[in-house]
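Below is one structure, written out as C-alpha cells, with a few remarks after it.
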Amino acid sequence: MSENNNESQKPANFISNIIQQDLDSNKHTAIQTRFPPEPNGYLHIGHAKSICINFGLAEDFGGKCNLRFDDTNPEKEDDEYVESIKEDVAWLGYRWSELCHASDYFEQLYDYAVELIKQGKAYVDSLDAKQMREYRGTLTEPGRESPDRNRSIEDNLDLFARMRAGEFEDGKYLLRAKIDMASPNINMRDPALYRIKKAHHQRTGDDWPIYPMYDYTHCISDAIENITHSLCTLEFEDHRPLYDWVLNQVQTPAHPQQIEFARLQLKYTITSKRKLNQLVTDKHVDSWDDPRMPTISGLRRRGYTPASIRDFCDRIGVTKKDSFIEMAVLENSIREDLNEIAPRVMGVLDPLKVTIENYPDGQTEDMQAQNHPQKPEMGTRTVPFSKTLYIERDDFMEDAPKKFFRLSQGREVRLRYAYYVTCTDVIKDDAGNVIELICTYDPESRGGSTPDGRKVKGTIHWVSAEHAVDARVNLYDRLFSHPNPAGTDDFIAHLNPESLITLENCKLEPSLATPDEDTRYQFERLGYFIKDKQSDKLTFNRTVTLRDAWAKIDKANA
RNA sequence: UGGGGAAUCGUCUAACGGCAGGACAACGGACUCUGACUCCGUCAAUCAAGGUUCAAAUCCUUGUUCCCCAGCCA
C-alpha cells in the first residue's frame, strides 16, 4: 500500500490482476465494465456481488461502468423491474456512467445480422423447436445439419427481411448462425440468433416482431459500449467461444474480453429469480421486499446498510470456485457497520412488570443515557424512570444458576443508567406464570454505583411503564432451515416456520415514539432495529441480533 | 461414455518454485453500567498417488471428487 493512499485497499483477485496487467501492458489505457441485468425480477444479494465487482473494479482503476438492461425477451420483462433495479444499484452507492439498453441496439444488431447472412455465416431455418432439438444431437453425439442450412444468401436475405416485416407467425422461422453442428460445444451447433416473437416490448413497443438472442446480443452490446472486460458468471464459460465467434465475424468497434467468476451462493437462502418469484407469487413471503428475502430491497427493509453489503462483497472474494458463504459473514458485516453508527436505545420486547416497592408513588426522574458509550460525540438523551417498570421476561429467572447475572429472587442487578434493584417477591397468576416482580431499589445507587463500592455483575434494560411507547416488533431469522434449499427436491418444504416472529406488545423508551425513518437503532442487549416503512402501526424490524454469549452458555447447559 | 471449469483450516480466501498467511466461525481468557463492543490467546488446511527439484500448494504424470452445458431464456 502506498503511503499517500488513504483509501482502504481492497484485496486483489484474479480479475483485478488481469486488469492490472492489461493496464501495465497498455492493452488498455482505461477500463470500461458494465452490469447487465435482465429486467425480469428484483435484484438479490448475488447481483450485489456482480454489481460490486463491476462498479467496484471500475472505481478502483479509475474506469467507468455502465448499467445495461439486457432486455431482449419482452415476454418476461417489465418496467417495474427496471425501476427497482435502478433504485437498488443507486442505493448500493454506485453511479453508472451510461444507462443503456440492449434494445437501444436493435437496429445495429439487425444490420450486423444482415452482414452475417451476406457473408454466408447465418441462415434462416424453418425447423420448429422440436425438430431443432432433435437435430442438435446430444452431449456425446454430434448434431445434424438442417435441410435449410444451404439456403441461398438471396433467399436468406429475403426471408429475414420478411421476418422483420412481421409476415410470419411466432416460431415459423429462426435465424441461426452457421458454425458447426458437430462441435463438442453445443453452443456452437448453429445457435439461434433471432426468433420471431410478436410481443410488446416495454421500450420499443410494437416496432419489432423479431428479437435477438442473448448470445448474439450481449457480445455486440459490449462491443458497442467499448467494454474492455465483460465479467459474467461461470455458466457462461461455454458461451465464450460463441461470444468471440460473433465478434470475429462482424466489424465492431471493440472486442471485449469475457471473464467468468463464480456466482454467490449463501447458505440457508436461495438466489434464483425463479424461486424467489415463486415465494412471492405463492405468498410464502409478503413481497419482493419482505425483510426475509435475500433481495436488495428486502435487505434494505430489513435494515442492512449499503456499506455493509459492499463490505460483505469485499470479504467473500472473487474466484472461479463454487462455494457457499456462511450467513455469519453477512451478519458480521452488518454488525460491524451498525456497531459504529447505531444510536443506543432501550426497548423491552417481552415485558414483565416490575414494581419498585420503596420508590415514591407518582415520582418520575429523568435519567441521562448515552447514545453511544464509545462515541460521546453522539450525545445523550433522557429516559424517564418511575415506580412501575417493564423489564425483559428473559432477564428474570427463578432458581437461576450461578452464572445467571440477571434478576432472580434475592439478587441485585443494575438497571441501565438508573438504580440497583433487588427482587424481593414474585407474583404469579393461577396458572403459575410469573406476572409481576416486587423489587426494592437502593437510592444511593443512582448513576450505576454505590458509595460502598459493591459489585453488581448484571445490568439489564428497562422501560418506565407509564412513559412506554407501544410498538410491534418483527423478529427475523433465516428463511430456510436447510443450508442448501435449492439443492433439495422441494425447497418450499424447507422454509423456516420461525423466519418471522411478530411481537405485538413491545414497550419502548419514549424517544422511539417518533423514530427517524433511516436510523438503525441498537436496542441495547437485543440487536439492531429499523422502523418498518410499510406499516401504519409503529413497527420495528430486527436487522440482526447482537452476539449473545449467554445464549451459548444457556444452550450448553440445556 | 462429449465439451467446459474447479479442488488450500469448519466456511471463504492469500501465497504464482523459497517460513502455508488473513477473514468469518468455534474455543479459552481480559475488560465491561450492553453476557454487546474492544483486546489477548488457542484450535484448524494444500483432493490422492507417483515423479522433477537443494526446495512443490505451485511444475510433470496418473487418478479421484464436485460444478456447468443438449431454451426459439438470460
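Note that this is a predicted model, so its numbers are computed, not measured. Letters A, B, ... are given to chains in the order of the sequence lines, protein chains preceding strands, and every chain is numbered from 1.
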Anything under 3.5 Å between a protein N or O and an N or O of nucleotides 37-40 of chain B, put it in a table, one pair a line.
| from | atom 1 | to | atom 2 | distance (Å) |
| --- | --- | --- | --- | --- |
| rC37(B) | OP1 | Arg547(A) | NH1 | 2.4 |
| rC37(B) | O2' | Asn339(A) | ND2 | 3.0 |

Note to self: A side-chain contact here means heavy atoms from C-beta on lying under 4.5 Å apart; do His461(A) and Val348(A) qualify?
What the structure shows: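 They are in side-chain contact.
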Note to self: Can you tell me if Lys552(A) touches the phosphate of rC27(B), counting only side-chain N or O atoms and a distance under 4.0 Å to OP1 or OP2?
What the structure shows: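 For Lys552(A), the contact criterion (side-chain N or O under 4.0 Å from OP1 or OP2 of rC27(B)) is met.
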Margin query: Near RNA chain B, counting only heavy atoms under 4.0 Å, which residues of residues 454-464 of chain A show up?
Written below: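 RNA chain B contact set from residues 454-464 of chain A: Lys457(A), Thr459(A).
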Next item on the list: Please identify each residue that fulfils side-chain hydrogen bond (donor to acceptor under 3.5 Å, both in side chains) with Ser481(A), with sequence neighbours left out.
Entry: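 With sequence neighbours excluded, Ser481(A) shows a side-chain hydrogen bond (donor to acceptor under 3.5 Å, both in side chains) to no residue whatsoever.
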Checklist line | Pair pattern of RNA chain B in dot-bracket, where unpaired bases get dots and | marks partners in another strand, Watson-Crick or G-U under 3.5 angstrom | finding: .((((((..((((....[..)))).(((((.......)))))....(((((..]....))))))))))).....
Checklist line | Between Ser183(A) and Arg189(A): side-chain donor-acceptor atoms closer than 3.5 Å | finding: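 Per modelled atom types, Ser183(A) and Arg189(A) side chains form no pair under 3.5 Å.
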Expected rows: protein N/O vs nucleotides 3-6 of chain B N/O, under 3.5 Å:
| from | atom 1 | to | atom 2 | distance (Å) |
| --- | --- | --- | --- | --- |
| rG3(B) | N2 | Asp238(A) | OD1 | 3.4 |
| rG3(B) | N2 | Asp238(A) | OD2 | 2.7 |
| rG4(B) | O2' | Asp238(A) | OD1 | 3.3 |
| rG5(B) | O2' | Glu237(A) | OE1 | 3.3 |

What pairs with [X] under side chain to side chain contact (heavy atoms under 4.5 Å, CB included), at least two apart in sequence or on another chain?
X: Arg144(A); value: Tyr135(A)
X: Ala328(A); value: none
X: Lys121(A); value: Leu116(A), Gln119(A), Trp245(A), Gln249(A)
X: Lys375(A); value: Glu340(A), His372(A), Glu377(A), Met378(A)

Notebook entry, point to check: Is any side-chain N of the basic residue among Lys507(A) and Asp350(A) closer than 4.0 Å to the acidic one's carboxylate O?
Noted result: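 Salt bridge between Lys507(A) and Asp350(A), a charged N being under 4.0 Å from a carboxylate O: no.
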Contacts of type salt bridge (Lys or Arg N to Asp or Glu O under 4.0 Å), residue [X], not counting sequence neighbours:
X: Glu392(A); value: none
X: Glu169(A); value: Lys198(A)
X: Asp190(A); value: Arg149(A)

Margin query: Which residue in the set Trp208(A), Phe106(A), Phe69(A) passes ring pair (Phe, Tyr, Trp, His ring centres under 6.0 Å) when paired with His201(A)?
Written below: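 Answer after filtering Trp208(A), Phe106(A), Phe69(A): Phe106(A).
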Next item on the list: Using the six-membered ring of Phe261(A), assess whether NZ or CZ of Lys320(A) lies under 6.0 Å from its centre and within 45 degrees of the ring axis.
Entry: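 Because its charged atom misses either the 6.0 Å distance or the 45° angle limit, Lys320(A) does not stack over Phe261(A).
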Margin query: How many whole angstroms separate atom CD of Gln21(A) from atom C1' of rC16(B)?
Written below: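 After rounding, the gap between these two atoms is 11 Å.
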Next item on the list: Could you please name the option among rC68(B), rU34(B), rG35(B) that lies closest to any side-chain atom of Pro373(A)?
Entry: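 Selected nucleotide (nearest to the side chain): rU34(B).
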